[in-house]
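Since the structure comes first, as structure tokens, the remarks are kept for the end.
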Amino acid sequence: MSKYIPKSKGFLNLISKRKEFLVGLVYLYLVQKIAYPLNFQQDDISELYIVNFTEFLCVLTQGDNHPLFTNFIWFVSRIFDTNLGYIISTFNILISLSSLIFFYNFIKKYSGNNTATLVSLIFLSSSNFIVYSISLKQYPLEVLGSIFYITFLYQKINEDLPVLSDYKKLFIALVFAISSLTLFVLFVISISIIILNKRIEIKNFFKALTIFSPSFFFIPNIVDKITRSTYREYWDTFFIDIESLSSFIQSATFIFNLVMKGYFGLFFYEPLSLLYFIFLLLPIIFRDKMAIPAYVILMTFMIFNILKLYPLGGGRTDLVLFPFFLFVISRSISVLKLKKQLITTFMIILLALVPLFNEPYYKVENITPILDDISSSINNDNAYILPMDEQKRSFEYYSATLYGSVEITTKNGCKYLVPNVNNYSIFLPENEDSWNKIYKTFNSDQLSEIYLIGIELDGTRGQIRDAENYLKNSGFNKLYEKNYDVGMLLIKYTK
């Protein structure tokens, strides 16, 4: 055993000198609690629909506000035939780990080693960050892009070198900008702050503009997204209301508490929210110029929120601002000029509490056991399967994995793979034509059983109950209802 002691001491010495490794270990410990679920939830699986297109030209315009990430998923699917969800999730975990180390070194540069460790542990107190880091969505990439932009912003403001002549970093900024609409907006704000702070040579400005011109592809997307009625309806409760002073205070307090809860998790105590707010204002009170650019970014997004352009408090919508928020926290700690021993004490407390109390929750929607239970009814002329719209992506992805795929041609002329299941339709109650088509199938003499697949969490009424009403009104009889993990339901009806 003694031969291992030097190695252990060497590892401990490395951790004490390079605390970013310690932060990384805490992150990996938290992630392993929820990583690699049996089935990803339908919201994540919806990102994988892109792999069903057989031609890249049909993929190029997909992806809504994150086309580059969508294209990346398509290319990865051409390399790996199986376990694509786990591969994308692993990519996001590695991106998140890199983000933490990158961010640690940024804070260390401006506020010191111990403050960087403390703030990084605050980063890890966010369950939202942990949960989305194992997801199949673009949010980990947005966090990394946000950290790159805040680093780029402060470097360019503080250095004496020509600002827009660093074409390597401008190119990286371009890659991030075309990977996410939010990052595109964030870069535009960041570069505007840089230009306002320094004199820019016209030739460098136009060269940078040329490099950055591909990102203008996003402008129609931005206009389209913010003018959709569904966008504002969906996020309505996450916008600050300015109709009156009382509604402004009430809605602003509500959203502030949501954001703080998302960032601090169990460490946020709502009755003390005013103290959290005052703590965030300390750099302004102490006239800390270093925090001003971060404040400008945060205030700009607050204005976007008031204009109902960007929701706050929605968890995932706050992640891209988290690095700027944490930088303000680091400056609050700096202006207080706390003793090194006190910061170390807080660091040790968080080091003990974060792994213990941060229990990230990933809502696993296991549809595979349901598919196994109805396997004998797949492609059976006597049976019909009716998944709810909310389970559309999960049903199609996992049934294709189990039963194979067939190729169809979309209205746009694109070749698209669908599951090799010929006796199913997606239940869309608001789509009358869709229901009438299904109803004709139900009247078939051969059909004797119908399976409904959906989800209903405790205390809620699932969409599957609307489908039941249709079946009852159509003369079908309920045979049984079977519950699965996390509210997943299978209900069988017969004629």
Side-chain angles (χ1 to χ4, degrees), residues 34-56 58-59 62-63 69-93 131 134-138 362-381 383-410 414-428 450-455 463-464 482-492:
I34 56 172
Y36 309 125
L38 174 63
N39 284 171
F40 287 95
Q41 57 182 253
Q42 60 85 24
D43 198 35
D44 278 336
I45 287 298
S46 64
E47 296 296 324
L48 302 185
Y49 82 95
I50 198 71
V51 306
N52 296 312
F53 289 99
T54 60
E55 301 167 345
F56 180 65
C58 294
V59 175
Q62 302 290 325
F69 187 74
T70 299
N71 296 165
F72 167 75
I73 290 176
W74 189 85
F75 278 113
V76 171
S77 72
R78 268 50 199 170
I79 301 172
F80 300 97
D81 294 331
T82 59
N83 297 321
L84 178 63
Y86 296 134
I87 291 165
I88 299 300
S89 181
T90 300
F91 170 80
N92 276 340
I93 290 171
V131 170
I134 68 113
S135 74
L136 309 183
K137 292 185 168 293
Q138 81 284 0
Y362 182 84
K363 187 181 72 173
V364 179
E365 298 174 6
N366 285 345
I367 201 171
T368 298
I370 295 178
L371 295 175
D372 289 337
D373 285 350
I374 64 171
S375 59
S376 61
S377 299
I378 298 293
N379 296 328
N380 184 335
D381 292 337
Y384 202 77
I385 303 161
L386 200 61
M388 302 302 101
D389 181 50
E390 61 201 7
Q391 292 299 316
K392 169 182 168 67
R393 298 299 187 189
S394 291
F395 177 84
E396 292 184 341
Y397 179 82
Y398 288 110
S399 61
T401 302
L402 291 172
Y403 310 116
S405 302
V406 293
E407 188 177 86
I408 63 168
T409 302
T410 67
C414 293
K415 302 295 182 182
Y416 190 81
L417 298 176
V418 296
N420 186 23
V421 180
N422 58 31
N423 62 333
Y424 87 96
S425 292
I426 302 300
F427 178 71
L428 290 164
I450 297 176
Y451 294 94
L452 303 180
I453 299 174
I455 186 170
Q463 191 182 75
I464 198 168
K482 186 175 180 180
N483 293 282
Y484 297 80
D485 288 342
V486 197
M488 293 297 294
L489 281 175
L490 173 66
I491 303 177
K492 182 176 180 180

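What you see below is based on every heavy atom in this structure, not just the backbone, and it leaves out hydrogens, waters and symmetry mates.
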Exercise. Less than 4.5 Å apart, any side-chain heavy atom of I45 and any of I367?
Worked result: no
Problem set entry | Check: P387 and Y424 side chains under 4.5 Å, non-hydrogen atoms | yes
For this session: Check side-chain hydrogen bond (donor to acceptor under 3.5 Å, both in side chains) between N380 and all other residues, then give those that pass, not counting sequence neighbours.
Result: none
Exercise. Taking only residues at least two apart or on different chains, which pairs with a member in residues 415-424 satisfy salt bridge (Lys or Arg N to Asp or Glu O under 4.0 Å)?
Worked result: none
Seminar exercise, completed: So CD1 of I88 and CZ of F80: to nearest 0.5 Å the spacing works out to 9.0 Å
For this session: Heavy atoms only: give me the nearest Y49-R393 pair and the separation to one decimal.
Result: CB-NH1, 3.4 Å
Exercise. With Y362, which residues qualify under ring-ring contact (aromatic ring centres under 6.0 Å, His included), at least two apart?
Worked result: none
For this session: Enter the distance from Q463:CD to M388:CE here, rounded to the nearest 0.5 Å.
Result: 6.5 Å
Under 3.5 Å, sequence neighbours excluded: what are the donor-acceptor pairs made by side chains of residues 482-490?
unit_1	atom_1	unit_2	atom_2	d
K482	NZ	D373	OD2	2.8
Y484	OH	D373	OD2	2.5

For this session: Could you walk me through whether I385 and N423 pass side chain to side chain contact (heavy atoms under 4.5 Å, CB included), step by step?
Result: CA-CA 6 Å; I385 303 161; N423 62 333; 4.1 Å; yes
Exercise. Does the separation of the ring centres of F56 and F75 fall below 6.0 angstrom?
Worked result: yes
Exercise. Between N366 and L38, is there a donor-acceptor pair closer than 3.5 Å when you use the side chain of the first and the backbone of the second?
Worked result: no
For this session: Apply side chain to side chain contact (heavy atoms under 4.5 Å, CB included) to T401 and list each qualifying residue two or more places apart in sequence or on a separate chain.
Result: Y397
Seminar exercise, completed: salt bridge (Lys or Arg N to Asp or Glu O under 4.0 Å) pairs touching residues 394-409, sequence neighbours excluded, are K392-E396
Problem set entry | Given V51, V59, I87, the one that forms side-chain contact (heavy atoms from CB on, under 4.5 Å) with I73 | V51
For this session: Kindly compute the distance separating CG (L386) from CD1 (I426), expressed to the nearest 0.5 Å.
Result: 8.0 Å
For this session: For S89, enumerate each residue passing the side chain to side chain contact (heavy atoms under 4.5 Å, CB included) test, keeping only those at least two apart in sequence or located in another chain.
Result: Y36, F40, I93, I134, L136
For this session: For the pair N420 (side chain) and N379 (backbone), establish whether a donor and an acceptor sit closer than 3.5 Å, ignoring hydrogens and angles.
Result: no
Problem set entry | Side-chain heavy atoms of P419 within contact of Y398, under 4.5 Å | no
For this session: With sequence neighbours left out, write down each residue that passes side chain to side chain contact (heavy atoms under 4.5 Å, CB included) with K137, or none if nothing qualifies.
Result: D43, D44, S46, E47, S135, Y139
Seminar exercise, completed: For I408, the side chain to side chain contact (heavy atoms under 4.5 Å, CB included) test, sequence neighbours excluded, returns Y416, V418
For this session: Kindly write out the residues that satisfy side-chain hydrogen bond (donor to acceptor under 3.5 Å, both in side chains) with E365, not counting sequence neighbours, or none if the list is empty.
Result: K363, Q391
Problem set entry | Rounded distance (nearest 0.5 Å) linking atom CG of L84 with atom CD1 of I50 | 11.5 Å
For this session: To the nearest 0.5 Å, tell me how far F53 CZ sits from T410 OG1.
Result: 6.0 Å
Exercise. Which heavy-atom pair separates V131 from I34 by the least distance, and what is that distance?
Worked result: CA-CD1, 3.8 Å
For this session: Only counting residues at least two apart or in another chain, list the ones meeting ring-ring contact (aromatic ring centres under 6.0 Å, His included) with F91.
Result: F72
For this session: I would like to know whether F395 and I370 meet side chain to side chain contact (heavy atoms under 4.5 Å, CB included); could you show each step before the answer?
Result: CA-CA 10 Å; F395 177 84; I370 295 178; over 6 Å; no
Exercise. Any side chain to side chain donor-acceptor pair (under 3.5 Å) pairs touching residues 71-86, not counting sequence neighbours?
Worked result: none
Problem set entry | Y384 versus S425, side-chain donor and acceptor atoms under 3.5 Å | yes
For this session: Mind checking the CD1-OG spacing from I378 to S399? Nearest 0.5 Å is all I need.
Result: 7.0 Å
